[in-house]
Amino acid sequence: MIYTINNLFINSNDKTKKIPTQVTVNGWVRSNRNSKKVGFLDLNDGSSINNLQVVYDPNLENNNNLTNVTTGSAVTITGNLILTPNAKQPFELKVITATVYNICANDYPIQKKEHTNEFLREHAHLRVRTNTFLSLFRIRDQVSWSIHKFFHDNQFIYLHSPLITANDAEGAGENFIVTTITNDKYEKDFFGKKASLTVSGQLNAEAYAQSLQKVYTFGPTFRAEKSNTTRHAAEFWMVEPEFTFSNLQDNIILAQKVIKTVIRDVLNNCNSELKFLEQKQETKNEQSLIEKLEKIANFKSDFKVITYTKVIELLLNAQKKGKKFEFNEIKWGIDLQSEHERYLCEEITKQPTFVINYPQTIKAFYMKLNPIDSNHPQQKTVAAMDLLVPGIGELIGGSVREDNYEQLLKNKTQFKIEGNDLQWYFDLRKYGYAPSAGFGLGLERFLMFITGINNIRDVIPFPRTPNNLLF
Ligand code: 4AD
Ligand code: MG
């Protein structure tokens, strides 16, 4: 019978389980060493970072040439499982028969030594065969399942929003064009108009929330953002819940609930992966990775909530005390830079922090205008919320949606939105629009936070970034 190595390890820790004697395992050789008398293979099958020690007799004719099996080779081994209570590993597999499918060539880049993440990025097709990337992508799977489970358990309906669209939901002009022509005569193009890859499923989600009440999208998102940073990818995954009869407070509560629940699931289900990443962590903090996550998952109180206006005040205070920012022109109305965001949650609040009520001019056209503050009639704000977390900056962006048809039309002009492609979206406000709110959570940023990895290129299988379209 075929066993996963992970199952064998779990069984061996469970006194109530009987350890099977003869087992078959599939996997890839991590290392092979032998003397005249005995040979050892370290075998990994992807089910965990644990390797199975395989023992063979190099002198046996029928050892299927295991003596010459190289690192990286794919094999199936059937053997007897022998307990080794006094050794490093709880058991080893003594070979009865072995099948070698493919001897790995000698120029295999993933040898049994430490490789940097930069080096492995150049070998993204092979890097998952290291424990670091095996851990990262097992955690990515867990996080994705947990997100689906969280929303399903909270009665959200999973909605598939389109990837090809005629709108720029965020209005930032970062769409990738989808075309079948070589000129820009889009009226002759496939859709008879200019089409692009979606930057957000929100607008479509809003339409469905006006009947199903609670929906969420979870899929790839595309942005031709020029910023070539460690936190931006041109293709990334976003989770976007949208729910009606809701306000900013409900939105904040939902966001922190999903963060805490998913982190709890990862702590419960990916302990060995987290432990492995923790001991490899690039930046050593006073607080270990698992401690950090435990603290957030167990955090009984709510995350901090601060208005944008207050943040500006705090940044100005910090400046007065001598703090210099790269972008040092702090005043009401500026778009917060990631250095400001990180300073706020790393140095001032020292915890995940929601910033709310941003200036309308630096946010998207669909955000609900707040009542005008009579003391500052010029300072128009919207019911927006960004969740900022230490080490990353912005993890979540969301808002209440403008539900007033006239106001939305005004925004259309103010934000210079041309054409009529969004008329259906405005019309929702004419047809029984219930107050609606939602947010977008960047999956890769969340993974960076959970795993302590500091480059977005390492938490997505095949990263797409400016001047980089490999694999
Ligand atoms: O703040 P953003 O742009 O919000 C929206 O797209 C809204 N439509 C969401 C909504 O209300 N339904 O993006 C949301 C999140 C960001 O906070 C960030 O985590 C992630 O998406 N994100 C990126 N992640 C990686 N690379 C990029 N280029 C990203 N741009 C945004
Ligand atoms: Mg944002």
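In listed order, ligands and their atoms are each counted from 1.
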Is Ala233 close enough to touch ligand 1? Criterion: a residue heavy atom under 4.0 Å from a ligand atom.
yes
Closest to atom 21 (O) of ligand 1 (judged by heavy-atom distance), picking from Met238, Arg445, Glu394
Met238
Below a 4.0 angstrom heavy-atom separation, can you tell me which part of Asp386, side chain or backbone, both or neither, approaches ligand 1?
neither
Atom 15 (C) of ligand 1 - nearest protein heavy atom and its distance
Gly440 O, 3.5 Å
Part of Arg231 with heavy atoms under 4.0 Å of ligand 1, whether side chain, backbone, both or neither:
backbone
When you compare ligand 1 with Val199, is there at least one nitrogen or oxygen pair between them that comes in under 3.5 angstrom?
no
Pi-cation contact, Phe245 with Lys214 (under 6.0 Å, within 45°):
no
Starting from the Mg ion (ligand 2), look over the N/O/S atoms of Glu394 and name the nearest one.
OE2
Under a 4.0 angstrom heavy-atom cut-off, which atoms of ligand 1 come close to Gly398?
11 (O)
What part of Arg401, side chain, backbone, both or neither, has a heavy atom within less than 4.0 angstrom of ligand 1?
side chain
Aromatic rings Tyr216 and Tyr158: how do their planes relate, parallel, tilted or perpendicular, breaks at 30° and 60°?
parallel
The option among Arg223, His232, Gln202 carrying the non-hydrogen atom nearest to atom 6 (O) of ligand 1 is Arg223
Give a yes or no answer on whether the side chain of Glu206 reaches the backbone of Tyr425 with a donor-acceptor pair at less than 3.5 Å.
no
At less than 4.0 angstrom from any non-hydrogen atom of Glu225, what atoms of ligand 1 do you find?
27 (C), 28 (N), 30 (N)
Going by an N to O cut-off under 4.0 Å, is there a salt bridge joining Asp421 and Lys193?
yes
Are any of the side-chain nitrogens in Arg30 or Asp45 under 4.0 Å away from the carboxylate oxygens of its partner?
no
Near Gly438 (heavy-atom distance under 4.0 Å), the atoms of ligand 1 are 11 (O)
Looking at Phe303, I'd like to know if the NZ or CZ of Lys260 sits under 6.0 Å from its six-membered ring centre while staying within 45 degrees of the ring's axis.
yes
Answer with yes or no whether the side chains of Tyr208 and Gln213 bring together a donor and an acceptor at under 3.5 Å.
no
Restricting to N/O/S atoms, is Glu170 within less than 2.8 Å of the Mg ion (ligand 2) or not?
no
Parallel, tilted or perpendicular: ring planes of Tyr358 versus Tyr308, cut at 30 and 60 degrees:
tilted
Testing Lys368, Lys430, Arg429 one by one against Asp403 for a salt bridge (Lys or Arg N to Asp or Glu O under 4.0 Å), which residue passes?
Lys368
Phe137 and Phe133 aromatic ring geometry - parallel, tilted or perpendicular at 30°/60° bounds:
parallel
Looking only at N/O atoms, are Ser200 and ligand 1 under 3.5 Å apart anywhere?
yes
Mind checking whether Phe156 and His152 have ring centres under 6.0 Å apart?
no
Identify, for atom 12 (N) of ligand 1, the protein heavy atom at the shortest distance, and state residue, atom and that distance.
Glu240 OE2, 2.7 Å
Ligand 1 versus Phe236, non-hydrogen atoms closer than 4.0 Å: side chain, backbone, both, neither?
side chain
With a 4.0 Å cut-off on N to O distance, would you call Asp458 and Arg121 a salt bridge?
yes
Just to be sure I read this right, does ligand 1 sit under 4.0 Å from the backbone of Leu395, its side chain, both, or neither, counting only heavy atoms?
backbone
Just heavy atoms, cut-off under 4.0 Å: does Tyr366 contact ligand 1 by side chain, backbone, both, or neither?
side chain
Show me which atoms of ligand 1 lie under 4.0 Å from any heavy atom of Ile456.
25 (C)
Please indicate whether any nitrogen or oxygen in Glu170 is less than 3.5 Å from any nitrogen or oxygen in ligand 1.
yes
